[in-house]
Structure formats: structure tokens, C-alpha cells
Amino acid sequence: MRTTGRRRLALIIAGAALAAGAVGCQPDDGYGVETLPSASADPSPGTRAPSPATPEPTSPSPDAKDPGATPRVLVTAPVAGGLRRASQAEAVSDVPVDPGEMREDMHLVVANYRVASDRLVLFEGVDNVREDTSKRREHLFRGMLDHIGWDYELGQPAAEPVPAGPLGGSVECALASLSDSGDVVCGWADFNTAAVAHFPDSTLREAGALFVRMRSDLEK
């Protein structure tokens, strides 16, 4: 009985040694830690990690440059939005609004259009604008407000968006008056043009609609 117990103890010790040797044969990572299966191995069905979601593409802003778009130009139309251009005697003899930096390849259009016997719409715009056209529109906006003598102590007139129509881009109008009607300044900006116009004795709605109609004749 004593001999049999010793033999069993020897067998148990030998089995433990074999198991330890089998573990010692596993490769390690240099830090004495057993190397796990490669992460590149395909997991079993039902355990595959979900792939990261693809972000939705974002739409470009209305003023974004489009390298594939055909450049547009501004023209001095004889009729714009149904309004006739003022006669030579009534035409603008100078540039009443600072258009900003002008290069040789840019075109400046300044014209008056008669909306009534005693009212003229002053239009001013530039094309082939290389910088952010919304910034050029802001410059023209401030110049037009200065031209009509807006008192900045009353605050900055708030510009409201207007449906841009088929030519796209961005159109805004601001009421420079303390009442519901008066002087309205509208401006547009697209990928290469910017323009503003002053509508005397008008409302935001009327001026915005007329400005968009005029644009279809002034921008080609």
C-alpha cells in the first residue's frame, strides 16, 4: 500500500511537469505574457465587430466655390425685372458705393432703374470675385447703407434671407427704416458674383421679390 501511494504521487508530479512544459512552449511577447491569437484573424460568425459608420456627406454652402461651374458675368441690362434703366441724363455719373478691391479681370456694373416717376433703384455689383463672395456682399451692403445715410446709432439693420430663385446662391434684404416700409437694401452672393441694390419707399417682401427678378436680367 505504501509503495502504491508513492507511485501515484510520482505520476501526479510527472503530469504536472508535462503540463507546465506545454505552457512554456507558447510564444510570449517578450514580457513573459502569453501571446494571444492575432487580431487579424476572422472572428467566428456572430462575433464580428461592426464596421464604423460612414459619415453622411455635407452639402456645400450656397457661397462655396464650384471649380466646375461656368463663371457668370454681370451686364448693364436695359430692362431689369421689368424696370427700365434710367436715361443718360439720370444715369449714375460716378460710383456711389465703394465696390472693394477691383482687378483687371473683374467687371463692375453700376446703374439706376426707374421704379416710379420719383424713385430710382440703385444697383451695383461685381463679378469674377475670387475671395468669399459673402464678404464682398457685406462690404457692398455697408457702402450702400453709408450712401443712403443710415444712422448707425440706431443699430445695424438686420438682414433677412430671401428665396434666391433659379440662380441660387444667397440673397438677403435689410430694412433700413424704423417703420415697416422705407429704404430697403438687398444683396446677393454666389460662387463668383456679389451685388446690392437700394429700393426706396419699399418693404422687405416687395424689394426682395423685385431684386430676384432684376437679378435674372443682370447676371448671365
Considering all heavy atoms of both residues, which atom of [X] and which atom of [Y] are nearest to each other, and what is their separation?
X	Y	result
Val92	Ala111	CG2-C, 4.2 Å
Leu140	Val196	CB-CG1, 3.6 Å
Asp217	Gly82	OD2-N, 4.5 Å
Phe191	Arg72	CE2-NE, 4.1 Å
Leu83	Arg114	CD2-O, 3.5 Å
Asp190	Gly169	CB-CA, 4.0 Å

Inset, instruction - Would you please test Met102 and Leu108 for side-chain contact (heavy atoms from CB on, under 4.5 Å) and show each step? - result: CA-CA 8 Å; Met102 296 293 296; Leu108 171 65; 3.7 Å; yes

Within 6.0 Å of [atom1] in [X], more than 12 heavy atoms from elsewhere:
X	atom1	answer
Lys135	NZ	no
Asp118	CG	yes
Arg119	CZ	yes

Check whether any side-chain N or O of [X] sits under 3.5 Å from a backbone N or O of [Y] as a donor-acceptor pair, and report yes or no.
X	Y	result
His107	Leu74	yes
Ser181	Asp201	no
Asp183	Pro200	no
Ser202	Phe199	no
Arg137	Ser170	yes

Inset, instruction - Kindly confirm or rule out a cation-pi arrangement of Arg215 over Trp188, judged by NZ or CZ under 6.0 Å from the six-membered ring centre and within 45° of its axis? - result: yes

What's the separation between atom [atom1] in [X] and atom [atom2] in [Y], rounded to the nearest 0.5 Å?
X	Y	atom1	atom2	answer
Ile148	Leu122	CD1	CG	10.0 Å
Arg142	Gln156	CZ	CD	8.0 Å
Arg85	Leu120	CZ	CG	12.5 Å
Met214	Cys186	CE	SG	10.0 Å

Legend entry - Parallel, tilted or perpendicular: ring planes of Phe123 versus Phe211, cut at 30 and 60 degrees: tilted

Quick one: do [X] and [Y] end up in the same hydrophobic cluster if we chain Ile, Leu, Val, Met, Phe, Trp and Tyr together by side-chain heavy atoms under 4.5 Å apart?
X	Y	value
Leu154	Leu145	yes
Val212	Leu218	yes
Leu210	Tyr113	yes
Val115	Leu204	yes

Do the side chains of [Y] and [X] get nearer than 4.5 Å, heavy atoms only?
X	Y	answer
Val162	Glu172	no
His198	Val121	no
Arg130	Arg103	yes

Legend entry - Residues Glu101, Arg136: salt bridge by 4.0 Å N-O rule: no

Legend entry - Worked verdict on Asp146 versus Tyr152 for side-chain hydrogen bond (donor to acceptor under 3.5 Å, both in side chains): CA-CA 9 Å; Asp146 291 341; Tyr152 285 97; 3.2 Å; yes

Inset, instruction - Could you check Val109, Val95, Asp98 and say which one makes a side chain to side chain contact (heavy atoms under 4.5 Å, CB included) with Glu124? - result: Val95

Inset, instruction - Please check if any side-chain donor atom of Asn128 sits under 3.5 Å from a side-chain acceptor atom of Asn192, or the reverse. - result: no

